[in-house]
Amino acid sequence: MMQRKPIGRRPHPLGECGTGRWAARAILTALAALIVSMPAAAQNRAYCNITSIETQQLSNGVQITVKADGVVDWDSDGDWSAFYGGASNRLSMRFTNAKSQIGRTFIDVSKYPVSFLQLSVPQDAVEGVGVVMMIGLYEPSSVSVNRSTDRQSIVITVNSKRTITARAAGSGSNGTNGGGTREDVELRDGKVCINALRAKLLPLLGKLAELTGANLAADDSVKDREVSMTIDGLSLDDALTAITSAYGLAFAKMDGTYMICDGTPNDLATYRLSGTESFRMKYIKAQTASGLLPTFLYSFLHVNEAQNAVVVTAPNQMLDKIRSDFTKVDIAPPQIMIEALAVEAASTEDLNAALKAAYEHNHITASADFANGDISYRTIGELPHQFYAQLKALIASGKARVRSNPRMAAVNGQNADLFIGQTKFIKVSINTSAGKQEYIQGVDVGVKLQVRPWTGGNGEITVGIQPEVSNISEQERETGLPVISTRRAETTVRVKDGETVMIGGLTQTQDYRTRTKVPILGDIPILGALFQSAKTSSMNSELVVFVTPHILTETGRLKDEAREQAIRDRLK
């Protein structure tokens, strides 16, 4: 008999240590494969589905229960005040990890104080995960939010200040009590007559199709809709238009069949009955225009920033209304021209004399004053031509000088900024742990004027004014850095078109130090101080700013051509 010898384990060419290395390499390969596959797996976000939303009337509010097929998370989609004891007309909640499987976006609650619920997918939702639920209210109310023990339901309780008494079921005659229903559909002389109260839409459309012989097809998204209406003597097309327009539904006639579905396009059926139109804004930003429409329309609107347009996908009858609304909000804002005059004088007595000489009647009145009396604001009406003649005389005699006389236009409510001066550059040294570092820094020196005008179209202009005058008064001997002397004021006044606001009291006292020395001898250490002298002098000045706003026409010109020419001729 042939005997087989036992075969022992062949030693690894790398020994026992080599076996461990091969195992380690296999583990690293598996980890690398796992890391490579992680981005692909991360693209699939985990989410749950909202399966139902139930509402229940309470004696002092309404309870809304949002149910999902998994753990659902929520956050506020705006103001948090209503969730902490405050009150709001509209509440907005965002279910951050959920998608909607309800099949409709509008839920008519009509249970005090809740009017309706509006579901939408926000524009910043990633892969469609995220549902915003807006709660429309009859009056400002507070809300409390709780979770179920399995974390698959969110219970929202909207509290009301009123207590509602429950009505006995079945009380009253049919259709006459608040909790009853009515569904009367008739055809008189070929005209549709409907008297409905909390009637289901699908059975109502079925009766309408039976009486008229028309083919009516309704999508499942409207199966739970309830309608209340009275229609008397309309054609079938007009009656269906009235029903769909009143309840935000889409309606179209295709191949002899009337198609009715939910107004918000969320599937192919509703999309086919909707229209898409791009509304380009001429005067305002598209994002601003979309925010001016009611919030329940947000699911229909999409902003195209590249074209400054709002793209709307909605039922055709709704597009006409949205087009009309955009026409009303997209209007050209007024333009306001700001005429400013900054005059610096050694004394304001000369300027006051020039003003009084320019006016035959003394109607200069103070409109505001600071408590310390340093800065004053006055409305002096329209500056006459004689004032500019007097000002020219003061300039010629050296008693005043014009620091700036700009004219600039600004859109209503926007800032108009002006800077006249110089940007001086200084060398700044900083001691750091790495040693001494030097860099160049710019310093603006001159006249700055910031004006923000706005008008409501009634011939009056509210003007926010902030003038500032700065200069370098001296340099510090130790650091060599300049000392900036600044005069600044800020106020908001209301004037009529063409009236002038005068800002005075921007006084400043500047000290000038002049050093002289004998050449060569003044540079001798220690003894050089005997051959040097210093003289300090001071100068007082006051800056007076005159600001005159003018409302421009749509072409960007003044309403009065003579006044516009007079402005151009001033101070030539």
Side-chain angles (χ1 to χ4, degrees), residues 90 92 100 102-110 115-123 131-136 192 194 196 201-202 204-205 208 216-229 231 234-254 257-281 284 286-304 307 309-331:
R90 289 186 178 182
S92 187
S100 176
I102 297 179
R104 51 179 173 156
T105 59
F106 184 87
I107 302 175
D108 184 15
V109 179
S110 298
S115 174
F116 63 89
L117 302 177
Q118 180 79 27
L119 301 178
S120 63
V121 178
Q123 297 181 7
V131 178
V132 172
M133 182 176 71
M134 189 189 68
I135 306 174
V192 175
I194 300 175
L201 181 59
L202 283 182
L204 188 146
L205 292 176
L208 193 59
L216 300 179
D219 190 72
D220 288 341
S221 60
V222 300
K223 62 182 180 180
D224 295 327
R225 285 292 186 96
E226 292 183 355
V227 295
S228 299
M229 66 186 68
I231 295 177
L234 292 181
S235 64
L236 178 61
D237 289 42
D238 292 340
L240 292 177
T241 301
I243 295 173
T244 54
S245 299
Y247 290 92
L249 305 176
F251 154 67
K253 187 176 183 180
M254 304 177 61
T257 301
Y258 294 91
M259 308 291 296
I260 301 171
C261 65
D262 191 66
T264 306
N266 49 20
D267 54 26
L268 184 59
T270 56
Y271 178 71
R272 291 182 61 188
L273 301 187
S274 301
T276 301
E277 188 169 348
S278 178
F279 300 94
R280 291 194 177 186
M281 300 296 109
I284 62 177
Q287 189 69 41
T288 303
S290 63
L292 296 176
L293 296 186
T295 55
F296 71 88
L297 291 176
Y298 285 174
S299 57
F300 300 94
L301 310 179
H302 300 277
V303 176
N304 185 349
Q307 297 182 353
V310 181
V311 181
V312 182
T313 300
N316 293 320
Q317 58 266 31
M318 189 182 296
L319 289 175
D320 297 335
K321 171 61 177 173
I322 294 176
R323 183 185 300 106
S324 175
D325 291 342
F326 277 139
T327 303
K328 296 176 181 177
V329 301
D330 186 30
I331 58 178

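These figures come from a predicted structure and were not determined experimentally. No hydrogens, no waters, no symmetry mates; every other heavy atom, side chains included, goes into these values.
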Practice prompt. Dump the intermediate steps for side-chain contact (heavy atoms from CB on, under 4.5 Å) on L249 and R225, then the final yes or no.
Written response: CA-CA 10 Å; L249 305 176; R225 285 292 186 96; 3.2 Å; yes

Can you see which heavy atom on [X] is nearest to which on [Y], and at what distance?
X: L319; Y: F279; answer: O-CZ, 4.2 Å
X: S290; Y: L301; answer: O-CD1, 3.9 Å
X: L205; Y: A218; answer: CD1-CB, 4.1 Å
X: V222; Y: C261; answer: CG1-C, 3.8 Å

Can you confirm whether [X] sits close enough to [Y] that some side-chain heavy atom of one is under 4.5 Å from a side-chain heavy atom of the other?
X: V310; Y: I322; value: no
X: D238; Y: I231; value: no
X: D108; Y: E226; value: no
X: P315; Y: F300; value: yes
X: I243; Y: I260; value: no
X: V132; Y: S92; value: yes

Item to complete: Over 60° means perpendicular and under 30° means parallel, so classify the ring planes of Y258 and F251, tilted if in between.
Response: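 F251 vs Y258 ring planes: parallel.
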
Discussion item. Under the rule for side-chain hydrogen bond (donor to acceptor under 3.5 Å, both in side chains), what residues qualify as partners of T288, not counting sequence neighbours?
Written reply: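 Checked T288 against side-chain hydrogen bond (donor to acceptor under 3.5 Å, both in side chains); zero matches.
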
Worksheet item: Can you name the side-chain hydrogen bond (donor to acceptor under 3.5 Å, both in side chains) partners of Y247, sequence neighbours left out?
Response: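 side-chain hydrogen bond (donor to acceptor under 3.5 Å, both in side chains) list for Y247, sorted by chain: empty.
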
Item to complete: Give the intermediate values and the outcome of side chain to side chain donor-acceptor pair (under 3.5 Å) for residues S235 and D237.
Response: CA-CA 6 Å; S235 64; D237 289 42; 5.5 Å; no

Worksheet item: Out of L202, L240, T257, which one pairs with L216 under the side-chain contact (heavy atoms from CB on, under 4.5 Å) rule?
Response: L240

Worksheet entry | Backbone N/O of T241 and side chain of T244: donor-acceptor pair under 3.5 Å |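 Present.
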
Worksheet item: Okay, side chain of S324, backbone of D320: is any donor-acceptor separation there less than 3.5 Å?
Response: no

Quick one: [atom1] on [X] to [atom2] on [Y], what's the gap to the nearest 0.5 Å?
X: T313; Y: E277; atom1: OG1; atom2: CD; value: 10.5 Å
X: I284; Y: I331; atom1: CD1; atom2: CD1; value: 8.5 Å
X: L292; Y: D325; atom1: CG; atom2: CG; value: 10.5 Å

Worksheet item: Within a reach of under 6.0 Å around CZ of R280, are more than 12 heavy atoms found that belong to other residues, nucleotides or ligands?
Response: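 Open: at most 12 neighbouring heavy atoms sit under 6.0 Å from CZ of R280.
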
Item to complete: Show your working on side-chain contact (heavy atoms from CB on, under 4.5 Å) between L293 and F326 and close with a plain yes or no.
Response: CA-CA 8 Å; L293 296 186; F326 277 139; 3.5 Å; yes

